[in-house]
Amino acid sequence: MIVTTKDLFKLAYGKYAVGAYNINNMEQCMGLFRGCVDSKAPFIIQLSKGARDYTHKLMLEAIVKAAEQIFPEAVFAVHLDHGDEKTCIDCINSGFYSSVMIDASHESFEENVRITKLVTELAHAKGIAVEAELGQLGGVEEHVSVDEAHAKLTNPDDVKRFVDATGVDALACAIGTSHGAFKFTGTQGLRFDVLAQIQAKVPGFPLVMHGSSSVPQDEVARINAAGGNMKGAKGVDADQFAKAAELGVTKINIDTDGRLVWCRVHREMFRDKPEVFDLRPPGKIFMTEYAKFIAAKNVKLGSAGKLDEVRAALSKKSGCGCSCGCK
Ligand code: G3H
Ligand code: 13P
Ligand code: ZN
């Protein structure tokens, strides 16, 4: 059952975070649905501009539609991750997306407001929610001076002004995380002090944490032992998700960790079985391993076990006509 991102946020706010997972292909999609159904968690499936262009946007959307039929018990929202204005408009008009992210965070505050407001008006006219970003995610490095490092974080004093001026439904905040497998080169960690200040400015408003892969060290070690070179890779401590959720983070974005699972499975398979040239054996292992990873991650997010109550709340609201047995 595809639901609105806004409804998922309302049910989760202050209690748990919904996992927002990026997919690029069928294997990731199958592992994601299996892992979320097994752990009984609602989720957000994220399609990035790069993912939509990897094969074809219609191919990616068709994979998600097929998964919806294969897993009728799944409850999820479909979200465009890091969209520009053109991609947001395409997704809004497609009728398939629950929400879009307009990422104009690299622009000036005024320009970010202008672009975000424009996208939000178009999206809301079609009942689609919008996430925007304020501040700039990226490597907050130890060698960067405190002032410079601070300049990249979301300024709590800008938040209310931005939310009021744009009408957005959720805000991605830069609180010390960065995308990819090399976060926190030194002792840097999540800036809960900044997050608490942001929440105080917009109480009850859904916040989003990007760059939240944990980059598990056992995964990195296995990749390196199988010929990889990911020395120094490091991520967010997943035990901090619960505190972030209490402080208003309702959506936590995870992509890199899924790529690590893919990388480890394929490297180990081709190292240990050099005779294998078929794509299906590693693909099968990946789907199973990714499902296990997702289920474990949903436990850390606090979303595991919430599926029945979320389905009940949302199907009552929408008069769900699906075949998921929710009536
Ligand atoms: O934040 C970016 C996501 O990890 C998506 O990555 O643009 O390579 O698909 P991508
Ligand atoms: P990671 O690179 O930490 O997985 O972050 C993903 C993300 O923020 C997608 O928008
Ligand atoms: Zn992101």
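Counting convention: from 1, in listed order, for ligands and their atoms alike.
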Heavy atom of R259, distance to ligand 2 below 4.0 Å: no
Closest to atom 3 (O) of ligand 2 among K183, Q46, M101, H179 (heavy-atom distance): K183
Residue-ligand contact M101/ligand 1, heavy atom below 4.0 Å: no
H82 neighbourhood, listing ligand 2 atoms whose heavy-atom distance to it stays under 4.0 Å: 10 (O)
Side chain to side chain donor-acceptor pair (under 3.5 Å) between K251 and N253, intermediate numbers included: CA-CA 7 Å; K251 173 173 178 277; N253 286 15; 3.0 Å; yes
Counting heavy atoms only, which part of [X] comes closer than 4.0 Å to ligand 2: side chain, backbone, both or neither?
| X | answer |
| --- | --- |
| N22 | side chain |
| T256 | both |
| S48 | neither |

Atom 8 (O) of ligand 2: nearest protein contact (heavy atom, Å): G211 N, 2.8 Å
Residue, atom name and distance, where the atom is the protein heavy atom closest to atom 9 (C) of ligand 2: D81 OD2, 3.2 Å
Minimum-distance atom from the Zn ion (ligand 3) among N, O or S atoms of H210: ND1
Answer with side chain, backbone, both or neither: which part of [X] has a heavy atom less than 4.0 angstrom from an atom of ligand 1?
| X | answer |
| --- | --- |
| N253 | neither |
| T256 | neither |
| H82 | side chain |

Residues N229, N224; criterion side chain to side chain donor-acceptor pair (under 3.5 Å); working and verdict: CA-CA 5 Å; N229 180 8; N224 288 341; over 6 Å; no
